[in-house]
Amino acid sequence: MMPKADPLRRMALVVAAALSMTAPVAAQTPVVNDYPTVARADYVFGCMSSNGETREILEKCSCSIDHIARLLPYERYVSAETILRTLQVGGEKVAPLRASARHKAMVADMRRAQIEADILCFQ
């Protein structure tokens, strides 16, 4: 017959067993946060400039960039932003960029992410 275990010791063993079962899963789950803080802040400032500078808009704009970051890796976000800014310049020098199917797809991906974020965060 086994001796009765102390309740605190028993609880410690249960917690240790639970942690040992979840630790490998947590270690395997990568945390995706590849957007630098300055990029997130820049997005939020621009968003607030367009929508109002209230606490409610701050929360909605923060939600928006967080959602976009979940959908698009930072590298793809930067590429699409660069294309959009370049297209605003206009002129014949950007015509090849405007005609490129690859660049159109990159911008379309970002716009879809922004629309999805707007629906989720601004409704």
Across all chains, not counting sequence neighbours, the ring pair (Phe, Tyr, Trp, His ring centres under 6.0 Å) partners of Tyr43 are none

Is there a donor-acceptor contact under 3.5 Å from the side chain of Thr86 to the main chain of Thr82?
yes

The complete set of salt bridge (charged side-chain N to carboxylate O under 4.0 Å, His left out) pairs with one or both residues in residues 110-123, sequence neighbours excluded, reads Asp109-Arg112

**Study point:** Non-hydrogen side-chain atoms of Leu71 and His67 separated by less than 4.5 Å
**Key:** yes

Interatomic distance, NZ@Lys60 vs CE@Met48, rounded to 0.5 Å, equals 12.0 Å

Correct closest heavy-atom pair for Asn51 and Cys47 would be ND2-O, 2.8 Å

Open item on the list: For Phe122, is the CZ atom crowded, meaning more than 12 foreign heavy atoms sit under 6.0 Å from it?
Closed with: yes

Residues joined to Ile119 in its hydrophobic cluster, side chain to side chain under 4.5 Å directly or through other members, sorted by chain and number, are Ile115

Determine whether Leu72 and Val78 fall in the same hydrophobic cluster, where Ile, Leu, Val, Met, Phe, Trp and Tyr are linked whenever their side-chain heavy atoms lie under 4.5 Å apart. yes

Taken in chain and number order and not counting sequence neighbours, the residues that satisfy side chain to side chain donor-acceptor pair (under 3.5 Å) with Arg102 are none

In this structure, CD of Glu81 is separated from CE of Met110 (nearest 0.5 Å) by 4.0 Å

One should read off an interatomic distance between Ile68 CD1 and Arg40 CZ, to the nearest 0.5 angstrom, of 10.0 Å

For Tyr74, the ring pair (Phe, Tyr, Trp, His ring centres under 6.0 Å) test, sequence neighbours excluded, returns Tyr35

Between Pro36 and Asp34 the two heavy atoms that sit nearest each other are CD-O, 3.4 Å

One should read off an interatomic distance between Leu58 CG and Phe45 CZ, to the nearest 0.5 angstrom, of 9.0 Å

Rounding to 0.5 Å, atoms CG (Asp66) and CG (Leu120) come to a distance of 10.5 Å

Self-check item: same_hphob_cluster(Val107, Tyr77) at 4.5 Å side-chain heavy-atom cutoff
Solution: yes

To the nearest 0.5 Å, atom CD of Glu59 lies from atom SG of Cys61 at 10.5 Å

In terms of heavy-atom contacts, Ser79 and Met106 come closest through CB-CE, 3.0 Å

Nearest heavy-atom approach of Cys121 to Ser64 is SG-N, 3.3 Å

Thr54 meets the side chain to side chain contact (heavy atoms under 4.5 Å, CB included) criterion, sequence neighbours left out, with Glu56, Ile57

